[in-house]
Visitor: 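Let me begin by handing over the structure; questions about it come next.
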Amino acid sequence: MNTTFSITPLGDNAVIIEWEQQIAPHIHEQVMKAFHCLQSLKLSFITDLIPAYASLAVLYDAAAIRQKINRPARAWISDFIKRSLQQVTDTGTTVSRSLQIPVCYHPSLAPDLSVLAQQKGMSEAALITLHTAQTYTVYMIGFLPGFPYMGKVDARLASPRLKQPRTAIPAGSVGIAGEQTGIYPLSSPGGWNIIGQTPIRLFDPSAQDPCYCRPGDQVQFVPITLETFYQMQQPS
Amino acid sequence: MSIRVLQPGLLDTVQDAGRSGYQHLGINPGGVMDRVAMQVANSLVGNPPGEAVIEMHFPAAAFLFEAHAMIALSGADMGAMINDQPVPINKPLLVSGQTVLRFTKPVGGACSYLAIRHGLSLQPWLNSYSTHLKAAAGGFNGRALQKNDVVPFCITNSYTTVLGKQELMILPWTAGVADLYGPPGQLHITEGSGFALLNDHARQLLTGAAFEIGPQSDRMGFRLRGPSLKMAEYREQISAGVTRGTIQLLPNGHLIILMADHQTTGGYPRVAHVITADQPALSQLRPRDEIRFLMIPAETAEELLWQQEQRLHFMQNACKLRLEEWLSHYGLH
């Protein structure tokens with residue numbers, strides 16, 4: 001893997017690997033390669049990995065490392081990460097899943113659709129076409145369990161968060177914030193512009209894999225009618 | 001074999017050492033606010049240090065023990081009573097069935113822990129007993145304890161031969177906790193990536209000024225009151241992973257320290273991190289308590305954590321020896 005990353009402390013039991021700070025697929029690909037590399041090692045002293053747009057946080061059990069190697073953990077883990085990432089090739093492609101997520105853009109489920117279309121000087125149909133035209137990368141899961149941060153949306157759709165966040169947004173709501181699009185996995189307060197809703201459950205604590213999306217997934221939205229939405233909606 | 005909630009508290013949840021390995025899915029680790037108190041309470045009753053406990057904030061619940069149990073309380077002193085007798089924290093207690101545990105006044109600290117020998121009998125979620133309130137999963141039905149909840153515990157001893165007709169027995173040893181916490185109100189921090197973005201004055205304020213725990217502080221984070229810190233130029237970062245203890249600078253110049261239920265990622269500048277060894281003491285602070293930050297190198301932070309871990313091991317071993325001796329004296333196990 002090319003060496004254009006830095007490793008700096010994130011407190012005393014984590015380090016953060018950072019690549020060039022921009023939101024771009026080729027940067028994120030490096031993040032995901034590093035994530036899969038370290039995850040595949042299944043090391044007990046690495047307690048968590050948090051991949052994001054252009055960084056990977058590596059949380060470690062400093063006491064366990066110290067116990068084992070009898071010297072400071074931080075310097076050791078940084079060396080360990082550098083050595084491990086050297087094994088990762090630049091050319092190999094990571095296998096990412098492709099997901100098609102049905103979304104109903106009916107106004108009853110999309111409180112910000114018509115306002116956003118007006119602001120952007122386009123019809124609601126044109127807005128929906130733009131939103132469904134491209135494949136998005138899940139850059140990061142954060143904010144809530146299973147909340148996918150996807151990008152980038154067409155520049156014509158980019159829109160700041162609501163000035164006054166809503167106190168409750170239903171689970172499955174699809175929103176736009178800046179150049180990102182995302183889906184609320186749980187009912188939650190939030191400030192994204194809501195343009196639709198998916199009947200898919202993005203988070204189900206009783207499932208073997210509680211989260212529907214994973215970092216690195218390639219997502220395409222498929223428009224569905226209100227009738228299909230209610231047919232597909234699973235009882236929660 | 002259970003405890004019944006007679007009256008609910010402000011926020012009483014089942015917690016353990018936390019849920020690791022799922023942060024890439026946005027599932028935060030949660031777990032106890034004060035890991036030292038959890039370990040002390042568990043060690044006193046002979047449990048593994050990270051066994052599930054009940055974390056309580058004042059006003060805390062009133063519990064009815066439906067069977068004999070060996071328990072311990074640690075962390076905040078909330079004026080605990082068994083029936084009408086005051087009971088100390090940091091000592092093992094034997095309580096008989098049909099006794100009531102309640103908490104009468106906030107004497108000191110913010111969160112108290114109840115450990116029961118052999119642990120609670122619950123289903124783990126993603127390898128942890130910690131209650132994830134947002135996900136409504138883990139712990140006891142994924143939520144805070146409510147009136148008439150019956151929390152089952154595992155039991156192997158009846159303690160009848162020891163207790164006789166007594167409803168309470170305070171075992172004659174105490175876990176020393178003084179050297180397990182740092183000095184109150186003095187928090188060691190290490191530099192975060194956002195520190196370099198602060199202007200000179202703000203850097204001086206961070207370690208020179210006093211801050212206060214704000215009223216809007218909870219298990220997710222402690223909002224601080226104090227001087228507003230300015231950046232040479234405020235800019236949010238591209239969102240990245242954050243950790244417990246991360247001190248974020250909000251756009252209004254105020255600070256927030258991420259606690260147990262923090263989100264996994266964030267875009268606010270990370271100006272510093274409260275060292276792991278000082279997080280238990282921080283957890284025990286309440287709104288309006290004053291804190292000051294002392295900047296130390298990352299190497300020293302790890303050294304302090306290592307020393308704390310050694311002391312915790314020492315405490316665990318000491319508790320184990322006393323308890324084993326006591327149990328064998330009564331022919332229990």
Side-chain angles (χ1 to χ4, degrees), chain A residues 6 8-18 21-23 27 35 39 46-59 61-67 72-75 139-149 180 185-186 188 203-206 209-216, chain B residues 18-29 125-126 132 134-138 142 188-193 236-247 258 263-267 270 272-279 296-306 308-310 312-313:
Chain A
S6 62
T8 48
L10 184 70
D12 56 12
N13 58 8
V15 291
I16 187 159
I17 314 169
E18 288 174 300
Q21 289 300 293
Q22 59 161 303
I23 299 176
I27 299 283
F35 169 69
Q39 198 184 42
I46 291 184
T47 53
D48 257 307
L49 294 163
I50 316 175
Y53 292 96
S55 66
L56 175 64
V58 180
L59 282 70
D61 184 338
I65 292 175
R66 180 96 179 230
Q67 183 85 42
R74 191 177 63 88
Y139 280 106
M140 177 177 96
I141 311 274
F143 173 49
L144 289 169
F147 186 111
Y149 284 78
Q180 309 165 104
L186 298 166
S188 158
F203 177 72
D204 179 1
S206 62
D209 289 320
C211 299
Y212 190 78
C213 292
R214 294 180 210 155
Chain B
R19 183 173 283 111
S20 61
Y22 297 93
Q23 292 207 57
H24 61 289
L25 298 174
I27 298 170
N28 68 318
W125 178 60
L126 305 180
H132 196 304
K134 278 213 173 120
H188 295 95
I189 56 173
T190 57
E191 262 183 37
S193 61
E236 287 196 10
Q237 322 283 297
I238 294 179
S239 284
V242 291
T243 58
R244 183 162 172 181
T246 297
I247 307 179
L258 302 185
Q263 294 177 12
T264 55
T265 59
R270 309 180 294 265
H273 303 268
V274 175
I275 70 167
T276 306
D278 285 355
Q279 289 171 17
I296 58 169
E299 294 76 25
T300 314
E302 198 182 304
E303 192 56 42
L304 289 169
L305 174 62
W306 182 243
Q308 188 181 49
E309 288 296 315
Q310 301 304 304
L312 283 166
H313 277 293

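Being a predicted model, the structure only gives us computed values, none of them experimental. Just so it is clear: chains get the letters A, B, ... in the order the sequence lines come, proteins before strands, and each one is counted from 1.
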Visitor: Kindly compute the distance separating CZ (A:F147) from CD (B:Q263), expressed to the nearest 0.5 Å.
Guide: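 Reported value, rounded in 0.5 Å steps: 10.0 Å.
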Visitor: Between A:P210, A:C213, A:A75, which shows the greatest number of heavy-atom pairs under 4.5 Å with chain B?
Guide: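 The option with the most such pairs is A:P210.
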Visitor: Which bit of A:I23 is near chain B, if near means a heavy-atom gap under 4.5 Å: side chain, backbone, both or neither?
Guide: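 Looking at A:I23, backbone and side chain both touch chain B.
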Visitor: Looking at chain B, which one of A:S188, A:A52, A:P9 has the largest number of heavy-atom pairs inside 4.5 Å, strictly under?
Guide: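 That would be A:A52.
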Visitor: Taking every heavy-atom pair that is under 4.5 Å apart, which of A:L59, A:I141, A:I46 has the most such pairs with chain B?
Guide: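 Greatest number of close heavy-atom pairs with chain B: A:I141.
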Visitor: Tell me, side chain or backbone of A:F143 under 4.5 Å from chain B's heavy atoms, or both, or neither?
Guide: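 Contact with chain B: backbone and side chain both.
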Visitor: Please determine, among B:S239, B:A137, B:A301, the option with the most heavy-atom pairs under 4.5 Å with chain A.
Guide: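 Ranked by contacts with chain A, first place is B:S239.
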Visitor: At a heavy-atom separation under 4.5 Å, does A:T47 approach chain B through its side chain, its backbone, both, or neither?
Guide: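 Contact with chain B: backbone and side chain both.
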Visitor: Are any non-hydrogen side-chain atoms of A:C211 and B:I27 less than 4.5 angstrom apart?
Guide: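 Of all side-chain heavy-atom pairs linking B:I27 with A:C211, at least one is under 4.5 Å.
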Visitor: Tell me, side chain or backbone of A:L186 under 4.5 Å from chain B's heavy atoms, or both, or neither?
Guide: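 Just the side chain, heavy atoms under 4.5 Å.
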Visitor: Looking only at heavy atoms, what is the nearest atom pair of A:A57 and B:G241, with distance?
Guide: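 Residues A:A57 and B:G241, closest heavy atoms: CB-CA, 4.2 Å.
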Visitor: For A:I16, which atoms come within 4.5 Å of any heavy atom of chain B: side chain, backbone, both, or neither?
Guide: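 Only the side chain of A:I16 comes within 4.5 Å of chain B.
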Visitor: For the interface with chain A, which of B:E309, B:R270, B:E191 has the highest count of heavy-atom pairs at distances below 4.5 Å?
Guide: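 Going by pairs under 4.5 Å, I would pick B:R270.
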Visitor: If we define contacts as heavy-atom pairs under 4.5 Å, which of B:Q237, B:R244, B:E303, B:H132 has the most with chain A?
Guide: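 The candidate making the most pairs under 4.5 Å is B:E303.
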Visitor: Sort A:A14 into side chain, backbone, both or neither according to what part of it lies under 4.5 angstrom from a heavy atom of chain B.
Guide: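 The answer is the side chain of A:A14.
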Visitor: Which atom names give the shortest non-hydrogen contact between B:L25 and A:P215, and what distance separates them?
Guide: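 Smallest interatomic distance, heavy atoms only, reads CD2-CD, 4.3 Å.
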Visitor: Between B:V274, B:I238, B:V242, B:T264, which residue shows the highest count of heavy-atom pairs closer than 4.5 Å to chain A?
Guide: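 The answer is B:I238.
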Visitor: At a heavy-atom separation under 4.5 Å, does B:H24 approach chain A through its side chain, its backbone, both, or neither?
Guide: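 Backbone plus side chain of B:H24, per the 4.5 Å heavy-atom cut-off to chain A.
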Visitor: When rounded to the nearest 0.5 angstrom, what is the spacing between CG in B:L126 and CG in A:D209?
Guide: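 Answer rounded to 0.5 Å: 9.5 Å.
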Visitor: Short question: side chain of B:E302, backbone of A:A73 - any donor-acceptor pair under 3.5 Å?
Guide: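 Yes, B:E302 side chain to A:A73 backbone: donor-acceptor pair under 3.5 Å.
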Visitor: Can you tell me which of A:L49, A:L10, A:T8 forms the most heavy-atom pairs within a distance under 4.5 Å of chain B?
Guide: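 Maximum pair count with chain B is reached by A:L10.
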Visitor: Please state whether the side chain, the backbone, both or neither of A:F35 comes within less than 4.5 Å of a heavy atom of chain B.
Guide: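 Just the side chain, heavy atoms under 4.5 Å.
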Visitor: Name the region of B:L305, side chain, backbone, both or neither, that has any atom closer than 4.5 Å to a heavy atom of chain A.
Guide: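 Just the side chain, heavy atoms under 4.5 Å.
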Visitor: Quick check: does any side chain N or O of B:W125 sit under 3.5 Å from a backbone N or O of A:P205, one acting as donor and the other as acceptor?
Guide: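 It does hold such a pair.
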Visitor: Is it the case that the side chain of A:D48 and the backbone of B:Y22 share a donor-acceptor pair, with hydrogens and angles ignored and the cut-off at 3.5 Å?
Guide: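 Checked: pair present.
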Visitor: Please report the interatomic distance CD(A:Q67) to NE2(B:H313), rounded to the nearest 0.5 Å.
Guide: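 Between atom CD of A:Q67 and atom NE2 of B:H313 there are 6.0 Å.
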Visitor: With distance as the sole test, does A:D12 use its side chain to make a donor-acceptor pair with the main-chain N or O of B:T276 at under 3.5 Å?
Guide: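 Side chain of A:D12 to backbone of B:T276: a pair is present.
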